[in-house]
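Below is one structure, written out as structure tokens, with a few remarks after it.
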Amino acid sequence: MRTRTAAAIALLLALTACDSRSDGDDNLATEPSPSPSTSAATTPEPTSTMPSSIRADFKVGQEASNYGTIVTINKVQETNTITIDGTTKQADADAKYVTLETVVRNDTKTSMDLTCSLPIINALIDDQDRRFDTIDDLDEIPGNPECNAGLQPGFKDEMKFVYLVPKDAKIVLWEFQEYDLEAELVPTLVDLT
């Protein structure tokens with residue numbers, strides 16, 4: 001949405017500048033005006049794996065689906081510490097943890113291992129389109145399923161996705177998709193703002 005807005009503003013400014021020049025007012029024509037390339041440089045373009053619209057179809061609290069994987073993000077939390085395997089782990093001074101508290105429902109035909117396998121490909125995305133992976137050992141986060149505990153079709157379970165990101169990162173999206181080697185799936189985007 002931001003990219004479309006920035007592009008529309010840049011186009012409007014460019015057209016206004018062209019219109020001013022056609023009126024014969026040389027003073028307006030000699031003043032530099034923002035060009036579409038200047039505006040585009042300040043607004044990050046989506047990466048090739050992001051949908052061209054960058055518009056999320058879902059928000060926190062809504063059931064977001066990607067084929068047979070259905071995820072509801074109930075809470076987004078930023079902290080300096082997390083508990084993992086019974087101990088508190090502190091983020092470095094220039095980092096923070098972002099935790100997505102979710103419920104995952106399996107409407108596929110087979111079981112899913114949410115913590116030690118790759119049934120759900122996911123990334124946390126900031127306003128600079130940087131993509132962050134989950135931390136290791138998600139099965140050691142309190143409340144998460146154990147490693148190799150298959151979430152059977154038709155069932156749901158609570159799951160915390162935890163990420164370590166730069167302290168100044170402004171998190172805006174979560175992207176996920178089913179893991180499927182045989183199909184080219186399109187990721188689902190959830191707006192976290």
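Annotation: the span from N106 atom CG to L151 atom CG amounts to 5.0 Å, rounded to 0.5 Å. Going from atom CD of Q62 over to atom CG of D191 covers 9.5 Å, rounded to the nearest 0.5 Å. The distance from the CE atom of M112 to the CZ atom of F155 is 13.5 Å, given to the nearest 0.5 Å. Rounding to the nearest 0.5 Å gives a distance of 10.5 Å between CD1 of I141 and OG1 of T115. Rounding to the nearest 0.5 Å gives a distance of 10.0 Å between CG of L189 and CD of Q177. Atom CG in D127 sits 9.0 Å away from atom CG in D168 (nearest 0.5 Å).
Counting heavy atoms from C-beta on, the side chains of R105 and T72 never come closer than 4.5 Å. A heavy-atom distance below 4.5 Å is found between the side chains of P145 and M159. Using a 4.5 Å cut-off on side-chain heavy atoms (C-beta onward), N122 and W174 make contact.
For CD of E146, the number of neighbouring non-hydrogen atoms (other residues, nucleotides, ligands) closer than 6.0 Å is 12 at most. Other residues, nucleotides and ligands contribute only 12 or fewer heavy atoms inside 6.0 Å of the CD atom of E158. Within a 6.0 Å sphere centred on NZ of K167, other residues, nucleotides and ligands contribute more than 12 heavy atoms.
Note on I171: it does not cluster hydrophobically with L173, by side-chain heavy-atom contacts below 4.5 Å among ILVMFWY residues. By the criterion of side-chain heavy atoms lying less than 4.5 angstrom apart, applied directly or through intervening Ile, Leu, Val, Met, Phe, Trp or Tyr residues, I120 is grouped together with F58 in one hydrophobic cluster. Note on V60: it does not cluster hydrophobically with I70, by side-chain heavy-atom contacts below 4.5 Å among ILVMFWY residues. A continuous path of Ile, Leu, Val, Met, Phe, Trp and Tyr side chains, each step under 4.5 Å between heavy atoms, connects V76 with L124, placing both in one hydrophobic cluster. A continuous path of ILVMFWY side-chain contacts below 4.5 Å connects I135 to L100, so both sit in one hydrophobic cluster.
When all heavy atoms are compared, the tightest approach of A64 to F176 is O-CZ, 3.4 Å. Of all the heavy atoms in N80 and A95, the pair that sits closest is OD1-O, 4.3 Å. I121 and E178 make their closest contact through CD1-O, 4.3 Å (heavy atoms, listed as atom of the first residue, atom of the second, distance). Closest approach of E175 and I125 over heavy atoms only: CB-CD1, 3.8 Å. Nearest heavy atom pair, residue L138 against residue N144, reads O-ND2, 2.8 Å. Here the closest heavy-atom approach between residue Q90 and residue T81 is recorded as OE1-CG2, 3.1 Å.
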- Can V104 and L114 be said to form a side-chain contact (heavy atoms from CB on, under 4.5 Å), step by step? CA-CA 9 Å; V104 178; L114 296 177; 4.0 Å; yes

- List the steps, then state whether side-chain contact (heavy atoms from CB on, under 4.5 Å) holds for V162 with T99. CA-CA 4 Å; V162 181; T99 302; 3.8 Å; yes

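Under the salt bridge (Lys or Arg N to Asp or Glu O under 4.0 Å) criterion, K96 pairs with E78, sequence neighbours left out. Under the rule for a side chain to side chain contact (heavy atoms under 4.5 Å, CB included), the partners of E140 that lie at least two apart in sequence or sit in another chain are I84, D85, D137.
No side-chain donor-acceptor contact under 3.5 Å links D107 to the backbone of G68. One N or O on the side chain of D126 and one on the backbone of Q128 form a donor-acceptor pair closer than 3.5 Å.
In this structure, a donor-acceptor pair under 3.5 Å is present between the side chains of N66 and T188.
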